[in-house]
Amino acid sequence: MFITNAYAQSAASGFSLDSMGSFLPILLMFVVLYFLMIRPQQKKQREQRDMLSALSAGDEVLTAGGIVGKITKVSENFITLEIAEGTEIIVQKASVVSMLPNGTIETL
């Protein structure tokens, strides 16, 4: 007869080098993403956390709102800043962006 029988192909078993090679660019993109974006961000967060835990009375700081002041009191979540002689405000610790060198407020 003129029609030949068609048989299904057998399923491929496991991963071959060809199929793993197609995943290599995706894997490489994740590795590059980790080293260029995720790892530096984690390092920055760790440095910020360490700085906040090291805050003490007498330190001069800059807040996220742009307020410069000297710490007079530190509690678990809040700090008291002296922003002018006799003027104190209470802010969250997390709002502190950076510590300033001692004497910075006097030069402003």
Side-chain angles (χ1 to χ4, degrees):
M1 320 184 120
F2 296 100
I3 299 175
T4 60
N5 293 335
Y7 297 104
Q9 294 180 349
S10 63
S13 62
F15 283 113
S16 65
L17 289 177
D18 293 336
S19 65
M20 288 183 64
S22 65
F23 287 114
L24 188 62
I26 295 172
L27 182 64
L28 185 61
M29 285 185 348
F30 280 113
V31 169
V32 169
L33 179 74
Y34 175 77
F35 281 106
L36 291 180
M37 295 180 70
I38 298 172
R39 192 168 175 229
Q41 183 65 28
Q42 287 176 342
K43 183 179 177 183
K44 186 176 179 180
Q45 286 175 344
R46 187 177 332 110
E47 289 172 355
Q48 179 74 9
R49 187 176 52 244
D50 293 343
M51 189 252 323
L52 290 178
S53 66
L55 291 176
S56 63
D59 290 340
E60 296 179 4
V61 295
L62 173 68
T63 66
I67 298 172
V68 176
K70 183 179 271 190
I71 298 175
T72 58
K73 182 179 163 189
V74 178
S75 66
E76 186 175 336
N77 294 319
F78 296 94
I79 58 173
T80 304
L81 289 180
E82 182 179 31
I83 56 174
E85 183 110 13
T87 306
E88 292 184 345
I89 59 172
I90 299 172
V91 297
Q92 288 183 333
K93 268 187 175 181
S95 69
V96 174
V97 175
S98 66
M99 290 179 58
L100 303 172
N102 287 336
T104 303
I105 294 175
E106 296 169 1
T107 62
L108 296 176

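All residue numbers refer to positions in the sequence shown, counting from 1.
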**Student:** Please tell me whether Phe23 and Met29 are part of a single hydrophobic cluster in this structure, the criterion being side-chain heavy atoms less than 4.5 Å apart.
**Tutor:**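 No: no chain of side-chain contacts under 4.5 Å links Phe23 to Met29.
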**Student:** Can you name the closest pair of heavy atoms from Lys70 and Glu60 and give their distance?
**Tutor:**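 Looks like CE-OE2, 3.7 Å.
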**Student:** Does Gln92 reach the side chain of Thr63, with side-chain heavy atoms less than 4.5 Å apart?
**Tutor:**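 Result no, sub-4.5 Å side-chain heavy-atom pair not found.
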**Student:** Minimum heavy-atom separation for Val74 to Ala57, with atom names?
**Tutor:**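 Scanning both residues, the minimum pair turns out to be CG2-N, 4.1 Å.
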**Student:** Please give me the minimum heavy-atom distance between Gln48 and Val97, naming the atom from each residue.
**Tutor:**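 For Gln48 versus Val97, the nearest heavy atoms are OE1-O, 3.6 Å.
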**Student:** If you look at every heavy atom in Pro40 and Leu36, which pair is closest and at what distance?
**Tutor:**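 Residues Pro40 and Leu36, closest heavy atoms: CG-O, 3.7 Å.
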**Student:** I'd like to know if Leu55 and Leu62 are part of one continuous hydrophobic network [Ile/Leu/Val/Met/Phe/Trp/Tyr, side-chain heavy atoms within less than 4.5 Å].
**Tutor:**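 Different clusters: Leu62 never reaches Leu55 through Ile, Leu, Val, Met, Phe, Trp or Tyr contacts under 4.5 Å.
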**Student:** Kindly indicate whether the side chain of Ile71, heavy atoms from C-beta on, has any atom under 4.5 Å from the side chain of Leu81.
**Tutor:**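 A side-chain contact under 4.5 Å exists here.
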**Student:** Do Arg39 and Lys43 have side chains that approach each other closer than 4.5 Å (heavy atoms only, starting at C-beta)?
**Tutor:**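 No - every pair of side-chain heavy atoms lies 4.5 Å or more apart.
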**Student:** Is there a continuous path of hydrophobic side-chain contacts, each under 4.5 Å between heavy atoms, that joins Ile67 to Leu52?
**Tutor:**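 Same cluster: Ile67 reaches Leu52 through Ile, Leu, Val, Met, Phe, Trp or Tyr contacts under 4.5 Å.
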**Student:** Measure from the side-chain N and O atoms of Thr72 to the backbone N and O of Thr80, and report whether any donor-acceptor pair falls under 3.5 Å.
**Tutor:**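 Answer holds: yes.
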**Student:** Does Glu47 offer a backbone N or O that forms a donor-acceptor pair with the side chain of Asp50 under 3.5 Å?
**Tutor:**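 Side chain of Asp50 to backbone of Glu47: no pair is present.
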**Student:** With Lys93, which of Asn77, Ile79, Val61 fulfils side chain to side chain contact (heavy atoms under 4.5 Å, CB included)?
**Tutor:**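 Looking at Asn77, Ile79, Val61, the match for Lys93 under the side chain to side chain contact (heavy atoms under 4.5 Å, CB included) is Ile79.
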**Student:** Do Val68 and Thr104 make a side-chain contact, defined as non-hydrogen atoms from C-beta onward lying under 4.5 Å apart?
**Tutor:**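 Sidechains of Thr104 and Val68: no contact.
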**Student:** Rounded to the nearest 0.5 Å, how far apart are CG of Asp59 and CG of Asn102?
**Tutor:**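 Rounded to the nearest 0.5 Å, the CG-CG separation comes out at 6.5 Å.
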**Student:** Tell me, do Lys73 and Ile90 make a side-chain contact under 4.5 Å, heavy atoms counted?
**Tutor:**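 Not in contact.
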**Student:** Over all heavy atoms of both residues, which pair between Val96 and Met51 is shortest? Give the atoms and the distance, please.
**Tutor:**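 Looking at all heavy atoms of both residues, the closest pair is O-CE, 4.0 Å.
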